[in-house]
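What you see is a predicted model, and the numbers here were worked out from it, not measured in a lab. When reading the values below, keep in mind they use all heavy atoms of this one structure, side chains included, and skip hydrogens, waters and symmetry mates.
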Amino acid sequence: MAASVAAAAGRLRRAIRRSSPWQSPSHRPLSAEPPLAQGSAVRDTFLSFFRDRHGHRLVPSASVRPRGDPSLLFVNAGMNQFKPIFLGTVDPRSEMAGFRRVANSQKCVRAGGRHNDLEDVGRDLSHHTFFEMLGNWAFGGEYFKEEACSMAWELLTQVYRIPEDRLWVSYFGGDPKAGLDPDLESRDIWLSLGVPANRVLSFGPQENFWEMGDTGPCGPCTEIHYDLAGGVGAPQLVELWNLVFMQHNREADRSLQPLPQRHVDTGMGLERLVAVLQGKRSTYDTDLFSPLLNAIHQGCGVPPYSGKVGVADEGRIDTAYRVVADHIRMLSVCIADGISPGMSGAPLILRRILRRAVRFSTEVLRAPPGFLGSLVPVVVEILGAAYPELQKNSAQIANLVSEDEVAFLASLQRGRRIIDRTLKQLGPSDLFPAEVAWSLSLSGHLGLPLDLVELMLEEKGVQLDSAGLEQLAQEEAQHRAQQAEPVQEQRLRLDVHALGELQRQGVPPTDDSPKYSYSLQPSGGYEFGPCEAQVLQLYTEDGSAVASVGAGQRCGLLLDRTNFYAEQGGQASDRGYLVRAGQQDVLFPVSRAEVCGGFILHEAVAPECLQVGEQVQLHLDKAWRLGCMEKHTATHLLNWALRQTLGPGTEQRGSHLNPERLRFDVATQVPLTPEQLRTVEGTVQEAVGQNEPVYMEEVPLALTAHIPGLCSLDEVYPDPVRVVSVGVSVAQALEPASQAALYTSMELCCGTHLLRTGAVGDLVIIGERQLAKGTTRLLAVTGEQAQQAREVGQSLAQEVEAASERLSRGSQDLVEAHRLSKDVGRLTKAVDTAVMPQWQRRELQTTLKALQRHANTAIRKLEVGQAVEKSQELLQRHSKGPLIVDTVSTESLSVLVKVVRQLCKQAPSTSVLLLSPQGAGNVLCACQVAQGATPAFTAEAWALAVCSHMGGKAWGSRVVAQGTGSTADLEAALKTARTYALNQI
């Protein structure tokens, strides 16, 4: 019997490891009990169970936008918001410091980063980018394994009434390599609760040992699984609930130490639980999704959802149902929590998902324009009661989704034509060109997510040149890394001869006024006007004028007009693409635009022949341009705030900006203080919060000389000149005796700007350094990046406060004192390198230096006290004599050296060598020779003789030395030490 159970367990372990749940229908209902009416009731029942029966405090779901945790793109587990408790960094004055037993339903997103389910969404019946995690926690040993298991079993079997014979459990079976014993305590708890032994399985660390990261709290976990088969044939197990018992700490050296306080962290996916309770074979069949699937059916007119996957899903209609339903849930929750589609990080992931949803809804489901936005109220109806922020922001979510859908549809249609055209030119076994895919992508020009491009190619049976794509991605990463400190690149330029020839031919300067042709929509988005132009001249890489360029040729294009901003005034050039008039499926990528003597030269790569005289349409990379506009307006506000803080005589020495960040050089006699940096940021925030209008107008240069407070640089300006003013119209500033410019930002500037300051969002100065005497360079970020920087700073400030609190309490334990010192060192490194407010960095650096001194002093005192105590013990064991050779237990080489010194201090005529065994056979060594020792008897030689015997090394001086080695025979090492010393005395 035991053998058959063991064999069955082995088969189940293999099945669990390779199982893909919900792939095939089960002919038996998932639960024999009547299903609960609604998914919302399942959620409410969980929360009320822990609150009413077991005294848990209910805490709201955290935002899916991580607060102060740059390691995460999104909150992906219920425990994320409680990390400060697990790490011991919680602010002792915060509400969280008082948490003992809590429960909640946490909004989670797994798309991008380490936990990424995006590629699987739609392909099967279970994966989601957004899901809800039900969880209960016990902090600081409030309760542990027995209570956690009992509560879980009670809820599932007595409250939800899941049949016990459908439940299996797994526990940690130990890890001999790590020196971890099996978690027999958990096993015995399950057996005592009545789970049959053949349904209690042991697994190794990969399945049943949970770790937060490379270092930090960790521990064994036990999982409750549900059998989809229900006794019909082989078990089909899916994980239902994971109970983690945090009882260890993973140290930097990969060793495990016991945690001073133990915690319980559990998590159960609501969607999967509801599927079990409602007797559904898929999470998509539950009432958490069915209203959305019905709305899709009604809005698109495709056949009803039937739950098919793989080859059975003809036309991929059911796949599209699942993608759209999942993605609109995720988009709605993220936007409600303040994440909007954008250029990088989490906003970029959101942009990818929104565009993926648009593609499936329009191309597969044949949805009408604006359809995605119409699904937002359905999401709000399903989730709004649990998460009120969805109700509050419903209209904003729908508008944002609809706007991006409209903008993307045109790119999608053009992208489809380009793919079709390219495929016609390929041979049967050719790879799809990486350059074309890149130009279609979010990193290129059309804004199609690369995974979407790959999917579109996969549907046509074509493989993408992945190696070429990887090379292009590396080049893009290198280019972005250089943008903070721009370097001189080899660019196409018009030399004096080319310019002279243009003037001789009477070619007029490029009309670039369309670059200012954009407007702010009522929804808050920007609309950029179209621009059509004629190719006046083409140039090769060496600057030669030609009548045409061929496929693959890098070239310069001179047009009669353009809406591209050419790099000047510190603002990065626009980028985008152009197409021939009447031919929309061939993109000519434009990487930059340069000003050359009044002419705008566009640098491009021609995918096919282009000739002088052809008509083209220009298309900006709108996200890139908007990022530059945001940063440029922020730069003006920063300049004004610096003058407000440091005085009206403060001078700008230069600036540079791109969508990622801005750089600003300012004349200062001394470095800015943290308080000044903070004041500057506050002044900018105030202007941003007021959402002031930004006025731009060209005026005669002579008139600007009479505007008091107008900011300009020491350079030659055109006439007329463009004036950019925040909050005050240019006409008002030009009025006689007007003082308006003294109280706002007003500059001479040719750049492109926001039309209202509110879109800047926020500004944080993240770096500061002295360029030269009298010049300070500031680095700043805005918007989402600025908000993240503030959250990182706040999180680090709380960790420093918690470390200070721990240090102030003092410690009589040397191990704890060393751990605290390491924590201070870790925090110092984190503060030095984090993207956070510079004023806060400087303040925390000062605090941490003081804490490190305090910690080091505390360690020295504890080490001296320990050394005195151990030296007394050794003196009692050894009679007065010329030699003490022995072993002693110490935590570090520093303590061992102090013990040796204490012994020699109390017995000056005695030479001492001590060995301290450590883990894994390692041995520490320290010695000191007596004051009257012969010149031939040196501590360094003595330590070297002993450590060499142990296969180690030694160092030191004639009087004191130390070393390390490794041996299993300490007695032999001690004998070597005695023999050597006796031969020298």
Side-chain angles (χ1 to χ4, degrees), residues 84 87-93 97 215-216 249 251-253 255 257-261 674 793 795-834 840-875 888-908 912 914 916 918-919 924-928 939 955-957 959-964:
L87 295 171
T89 60
V90 63
D91 187 339
R93 300 165 300 180
T215 60
N249 193 73
E251 304 292 335
D253 62 3
S255 65
Q257 299 294 332
L259 277 176
Q261 290 188 318
S795 177
L796 287 170
Q798 290 175 358
E799 290 194 48
V800 172
E801 177 65 26
S804 180
E805 176 71 17
R806 287 165 59 196
L807 199 56
S808 67
R809 292 198 298 265
S811 174
Q812 300 306 311
D813 179 26
L814 188 55
V815 173
E816 175 60 26
H818 273 292
R819 181 176 293 160
L820 180 54
S821 178
K822 286 181 181 177
D823 286 347
V824 173
R826 174 188 60 81
L827 277 173
T828 299
K829 183 177 180 181
V831 167
D832 288 346
T833 58
Q840 195 171 31
R841 187 196 321 277
R842 297 248 302 267
E843 288 185 351
L844 292 182
Q845 284 170 336
T846 300
T847 301
L848 285 166
K849 284 179 182 178
L851 290 179
Q852 193 69 68
R853 287 194 299 270
H854 190 171
N856 292 342
T857 300
I859 288 172
R860 282 195 297 271
K861 287 182 179 179
L862 287 170
E863 287 184 346
V864 169
Q866 195 177 96
V868 170
E869 180 182 334
K870 293 184 180 295
S871 65
Q872 291 296 330
E873 295 173 1
L874 286 165
L875 284 173
V888 65
S889 174
T890 63
E891 288 82 7
S892 67
L893 193 55
S894 174
V895 175
L896 187 62
V897 171
K898 286 181 173 65
V899 175
V900 169
R901 291 186 178 223
Q902 283 292 330
L903 282 169
C904 291
K905 181 179 179 181
Q906 297 178 52
V912 179
L914 299 178
S916 179
Q918 306 292 302
L924 305 178
C925 172
C927 64
Q928 182 171 335
W955 60 94
S957 65
V959 179
V960 182
Q962 54 195 291
T964 60

Heavy-atom closest contact (Arg842 atom, Pro674 atom, distance):
NH2-CD, 3.2 Å
Modelled atom types, side-chain donor and acceptor of Lys898 and Ser894, under 3.5 Å:
yes
The criterion is side-chain contact (heavy atoms from CB on, under 4.5 Å); which residues satisfy it with Ala797, sequence neighbours excluded?
Gln840, Leu844
Please report the interatomic distance CD(Gln962) to OG(Ser957), rounded to the nearest 0.5 Å.
9.5 Å
Quick check: does any side chain N or O of Ser871 sit under 3.5 Å from a backbone N or O of Val899, one acting as donor and the other as acceptor?
no
Tell me which one of Lys861, Arg860, Arg853 satisfies side chain to side chain donor-acceptor pair (under 3.5 Å) with Thr857.
Arg860
What pairs with His818 under side-chain contact (heavy atoms from CB on, under 4.5 Å), at least two apart in sequence or on another chain?
Leu814, Ile859, Glu863, Ser892
Have a look at Gln902 and tell me which of Val912, Val868, Val897, Leu875 forms a side chain to side chain contact (heavy atoms under 4.5 Å, CB included) with it.
Val868
Do any N or O atoms from the side chain of Gln866 and from the backbone of Leu896 form a donor-acceptor pair under 3.5 angstrom?
no
OG1 (Thr828) and NZ (Lys822) are apart, to the nearest 0.5 Å, by 15.0 Å
Do the non-hydrogen side-chain atoms of Gln928 and Lys905 ever get within less than 4.5 Å of each other?
no
Minimum heavy-atom distance Val831-Arg841, with the two atoms named
O-NH1, 2.8 Å
Taking side chain as C-beta onward, heavy atoms only, is Val960 less than 4.5 Å from Arg901?
yes
Any donor-acceptor N/O pair, Ser821 side chain to Ala817 backbone, under 3.5 Å
no
Correct closest heavy-atom pair for Leu893 and Trp955 would be CD2-CZ2, 3.9 Å
With a 4.5 Å limit on heavy-atom distance, are the side chains of Leu874 and Leu914 in contact?
yes
Rounding to 0.5 Å, atoms CG (Leu827) and CD (Gln845) come to a distance of 12.0 Å
I'd like to check the side-chain hydrogen bond (donor to acceptor under 3.5 Å, both in side chains) partners of Ser804; sequence neighbours left out, ordered by chain and number.
none
State, with a plain yes or no, whether a side-chain heavy atom of Arg826 is found less than 4.5 Å away from one of Asp823.
yes
